[in-house]
Structure formats: C-alpha cells, structure tokens
Protein chains: 2
Amino acid sequence: MSQMERKTAGVPTLKRLPLYLRLLRKMKESGEEYASGTVVAKELGLDPIVVRKDLAITGAVGRPRLGFPMDEIISAIEEFLGWSNTSDAFLIGVGSMGTALLGYKGFEQHGMRIVAAFDNNPAIIGTEVHGKTVLDIAKMPELARRMHVQIGILTVTASVAQGVADKMIEGGIRAIWNFTPTSLDVPAHVILQREELASSLAVLSHRLLVESSNI
Amino acid sequence: MSQMERKTAGVPTLKRLPLYLRLLRKMKESGEEYASGTVVAKELGLDPIVVRKDLAITGAVGRPRLGFPMDEIISAIEEFLGWSNTSDAFLIGVGSMGTALLGYKGFEQHGMRIVAAFDNNPAIIGTEVHGKTVLDIAKMPELARRMHVQIGILTVTASVAQGVADKMIEGGIRAIWNFTPTSLDVPAHVILQREELASSLAVLSHRLLVESSNI
DNA sequence: TAGATTGTTAATCGATTAACAATC
DNA sequence: TAGATTGTTAATCGATTAACAATC
C-alpha cells in the first residue's frame with residue numbers, strides 16, 4: 001500500500017472523465033466560476049448521479065448549492081488521469097493513420113506529446129510530416145531508452161506489428177496504444193490499449209440492424 | 001415482436017465479435033475445418049466461457065469435441081452483425097482523419113463501403129483521395145437520399161460537426177459515426193457511435209499512473 | 001468407453017440507478 | 001428558512017465467472 005492513497009476507477013468512469021474535462025475547460029473559458037454535476041450531466045446527456053460519482057472519485061470536493069469550483073475540479077480530473085504533466089510518446093508507422101494522428105493537435109490537452117515519428121520506408125525517412133521529421137525505425141529503441149519515453153503509438157501494417165511492439169518494449173516503452181488489428185503478445189508489465197475500429201463499427205451495425213427489424 | 005427472433009447482445013459482446021471473426025477468417029484461410037471456443041479464447045487471450053457465450057448468441061451450433069464448423073460460425077457472426085451485406089457510407093470531412101479512413105482497406109470486410117467523400121473546401125473538392133473524388137458537401141443531403149445511404153462518417157472540424165450532422169439527418173442518414181469531439185444532438189431514431197480518442201488515452205494514462213505508484 | 005467440448009444454470013462481481021440525509 | 005446540490009448508502013441490473021450436465 002503506497003502512502004499516497006490513489007483511488008482506481010472503472011473503465012466506464014475513465015472514459016467519461018475526458019468528456020467532463022473538455023466541457024469544463026470550455027465553461028471556464030466563458031467565465032464560469034463553478035460547475036455543478038447537474039449542469040455537466042445535462043450538457044452531455046448523462047445521468048446526474050453518474051457524473052456525481054465520477055467526479056467524487058477524483059477527490060474533488062464540491063459545495064452544496066454551488067457545485068465545484070472550476071479550477072479545482074479541472075485540476076482534480078487532470079491530476080487523476082495523470083494529465084497535469086504531459087508524457088512523451090513515439091509514433092511508429094507513418095502511413096495514413098499515423099499521419100492523421102501526427103496532425104491531431106488535441107493530444108497536448110490530453111497529457112500526451114508525440115515527440116518523434118518513425119518508419120522503415122527509406123522514401124519517407126527524413127521527410128517532414130506535420131512538422132515532425134520521420135526518423136529511421138532502427139534508431140527507435142535506443143532513442144526511447146535515452147529519452148525515457150513511456151508511450152508508443154503503433155500505426156504500422158498489421159503484419160509487422162508484433163515485431164515493432166517487441167522493439168518498443170526493448171526500448172523500455174511501458175504502454176502501447178495499438179491501432180493495428182493485431183493481437184499483441186507482451187510481458188505482463190506492459191500496458192496495452194487497443195483501438196479497434198472494427199469493434200465500434202460492430203456496435204453501430206448491430207444497432208442499425210436491430211432498429212430496422214423493430215420498425 | 002417481429003416474426004424473426006433476433007437476440008440482442010450487450011456492447012462488450014458486440015465489441016468482441018469482430019475479433020473472433022478476424023481470427024476465424026484467418027484460420028479458415030489456413031485450411032481449418034472447425035474452430036473451438038477454447039482455441040479462439042487462447043489465441044485472443046480471453047476466457048473460454050466468454051467466447052462460448054458470445055458465440056452462442058449468434059445462434060451458431062457447435063459440436064462437442066470438434067467445435068464449430070468454420071463456414072457456419074463465420075456466417076453466423078457476419079449475419080448477426082449485419083455484415084453479410086455491405087452497407088454504403090458517406091464520409092464528410094476530408095482532413096487528416098478523413099483521409100486516413102478513406103485509405104483504410106479493411107472496412108469492406110466489416111460490412112461497410114465508403115461510396116463517397118465530401119468537403120466544403122474548394123481547394124480539395126474535385127481532387128482524388130485514395131481513389132475517391134471529393135464532392136461538394138452541398139450535394140450531400142440530396143445524394144444521400146437518392147442513394148439510400150444509411151451511414152455517415154463525420155470527420156469534420158469540431159465547430160461545424162453539429163451543422164453537418166443536421167445535414168446528414170436531412171438526407172435520411174440513420175447512423176452517424178462521430179470522430180469529432182463534439183457531443184451531437186440528434187433525434188432519438190438516429191444512432192450515434194462516438195469514437196473518442198481522448199477516452200482511450202484516459203484509460204491508458206490512468207493505468208500507467210496506477211502501475212507507477214504501485215512499484 | 002474416455003475425454004474434450006458445448007450449452008446451460010447458478011454465483012459473483014461491478015456498474016448503474018434509486019433514495020435520502022447532510023450542507024451551504 | 002427554503003431549496004438546490006453534494007455525498008453516501010441501498011437496490012437493481014447486467015456482465016463475468018464458476019460449476020456441471022449433455023453430447024459426440
């Protein structure tokens with residue numbers, strides 16, 4: 001048991017926290033001093049009780065009648081997610097998905113900064129993509145170790161995904177955000193976050209089907 | 001109650017079905033005639049009981065000792081997800097994310113085909129992106145209605161997302177796959193599937209944090 | 001027959017929903 | 001004080017896990 005108590009949250013809660021954060025930042029910009037769970041819930045189409053429980057887990061303390069002081073609730077969420085200090089990430093695989101992610105400006109607001117991009121294709125090594133020079137993948141493990149990079153974004157072709165993941169781990173990377181459809185085999189201490197477009201599409205397709213047959 | 005009984009599945013089950021499908025197709029290609037839930041579970045790192053329950057919901061019938069006949073189980077999953085007939089989709093917003101999705105070859109194997117791409121930027125209207133001509137967004141609603149397109153992929157800038165979603169609905173689109181961070185307001189009959197990179201990142205970040213404080 | 005796997009029924013676990021007391 | 005909101009405790013719901021009978 002560590003000295004500092006840190007509550008852990010379920011996945012559903014974790015997935016909602018960024019939605020609150022985005023809204024709260026927007027509310028702050030428009031000058032609001034307090035945010036109540038009720039208002040947040042209404043704005044996002046969620047149940048107020050869910051929002052209250054989620055906010056409670058961050059350790060923030062609200063005031064009856066007023067809600068949560070804006071700066072406190074924003075900091076509490078950022079703190080809880082580990083977004084108060086941005087982590088460095090490597091992106092490997094500068095194909096269309098990799099390029100899209102390199103172009104996404106929002107990551108810095110979500111505690112992550114892509115500090116380098118890698119590929120094995122000589123035709124694109126050395127070129128600039130969204131302001132970042134593409135480096136040779138051969139240099140990745142050593143650079144990762146030297147820069148203490150903890151997060152690897154995997155956007156390579158499915159067939160080479162496992163090999164590249166192995167190289168990431170060799171470089172000391174502790175969390176892999178996997179955009180390929182490959183099921184990776186990694187040591188227990190490595191965190192895997194899979195991004196499955198097919199899974200989302202399955203939920204959508206099935207709903208469409210159910211909706212159709214009920215009408 | 002419709003004449004044809006169709007079981008509905010929970011979201012977790014729906015999200016796993018495409019993983020099974022991908023593996024089973026691969027096994028079929030390498031000549032396997034049967035697939036047992038046990039093998040599928042081991043291959044994907046899942047609990048065999050979960051796999052058995054998931055496969056049961058598709059209506060497929062397996063044989064003790066052997067497992068499921070390959071063609072039958074593949075068809076059962078495709079049928080259940082509505083992937084036996086591909087649905088047409090429009091993609092609106094040919095920025096970096098839109099371009100990446102246009103370049104993704106895998107959708108046809110998941111019951112969807114992007115039949116047209118739209119944008120409002122005169123500089124890219126008329127150009128070809130991954131073999132598809134970018135059309136003027138002004139023409140989208142009418143074309144959607146004429147072609148009976150049911151799925152809209154939303155990859156525009158956050159600030160115009162709601163307006164474009166409204167246009168989609170005007171064109172009769174019934175399901176919106178939302179890649180923007182905007183919380184959309186749509187009529188009850190419209191299906192929303194939100195793709196939240198920030199949510200995934202939150203799960204990853206929090207795990208990284210918990211892992212770190214436990215060591 | 002023996003044994004692996006399916007399919008079903010029951011138990012556990014966790015998330016959501018409901019109810020309500022505490023508080024400013 | 002009255003009323004809106006927080007924070008907590010209990011009830012419900014659904015998914016996961018466990019146990020086991022049925023079957024080829």
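Naming: A, B, ... by sequence-line order, numbering from 1 per chain.
Look at Glu43(A) and Lys26(A) and you find no salt bridge, because none of the NZ, NE, NH1 or NH2 atoms lies under 4.0 Å from a carboxylate O.
Put simply, the side chain of Ile74(B) does not reach to within 4.5 Å of the side chain of Glu79(B), judged on heavy atoms. Residues Tyr34(B) and Val39(B) fail the side-chain proximity criterion, which asks for heavy atoms closer than 4.5 Å. His110(B) places a side-chain heavy atom less than 4.5 Å from the side chain of Arg22(B). When side chains are defined from C-beta on, Phe179(B) counts as touching Leu101(B), because their heavy atoms get closer than 4.5 Å. With contacts defined as side-chain heavy-atom distances shorter than 4.5 Å, the pair Pro69(B)/Arg63(B) qualifies.
For DNA chain D, the contact window with chain A, defined by any atom under 4.0 Å from a protein heavy atom, covers dG3(D) to dA10(D) in 5' to 3' order.
Checked by atom type, the side-chain pair Ser183(B)/Arg194(B) shows a donor-acceptor distance below 3.5 Å. When only modelled atom types and interatomic distance are considered, Ser205(B) and Trp83(A) share a side-chain donor-acceptor pair under 3.5 Å. For the residue pair Ser200(B) and Glu195(A), a side-chain donor N or O sits within less than 3.5 Å of a side-chain acceptor on the partner.
The shortest heavy-atom contact between Trp177(B) and Leu197(A) is CZ2-O, 3.7 Å.
For the contact set between residues 9-27 of chain B and DNA chain D, defined by any heavy atom under 4.0 Å, the members are Gly10(B), Pro12(B), Arg16(B). For DNA chain D, the residues of residues 35-51 of chain B within the heavy-atom distance limit of 4.0 Å (strictly under) are Ile49(B), Val50(B), sorted by number. Residues from residues 59-70 of chain B placing a heavy atom under 4.0 Å of any atom in DNA chain D, listed by number, are Pro64(B), Arg65(B).
Helical stems of DNA chain D (runs of at least 3 Watson-Crick or G-U pairs, donor-acceptor distances under 3.5 Å) are listed by first residue: C:3-24 with D:3-24.
Atom CD of Glu32(B) sits in a crowded spot, with more than 12 heavy atoms from other residues, nucleotides or ligands closer than 6.0 Å. Annotation for Gln162(A): atom CD counts as buried by contact number, over 12 foreign heavy atoms lying within 6.0 Å. More than 12 heavy atoms of other residues, nucleotides or ligands lie within 6.0 Å of NZ in Lys132(A), so this atom counts as buried by the packing criterion.
Residue pairs meeting the salt bridge (charged side-chain N to carboxylate O under 4.0 Å, His left out) criterion with at least one partner in residues 147-171 of chain A, sequence neighbours excluded, are Lys167(A)-Glu170(A).
A ring-centre distance under 6.0 Å is found for Phe118(A) and Phe90(A).
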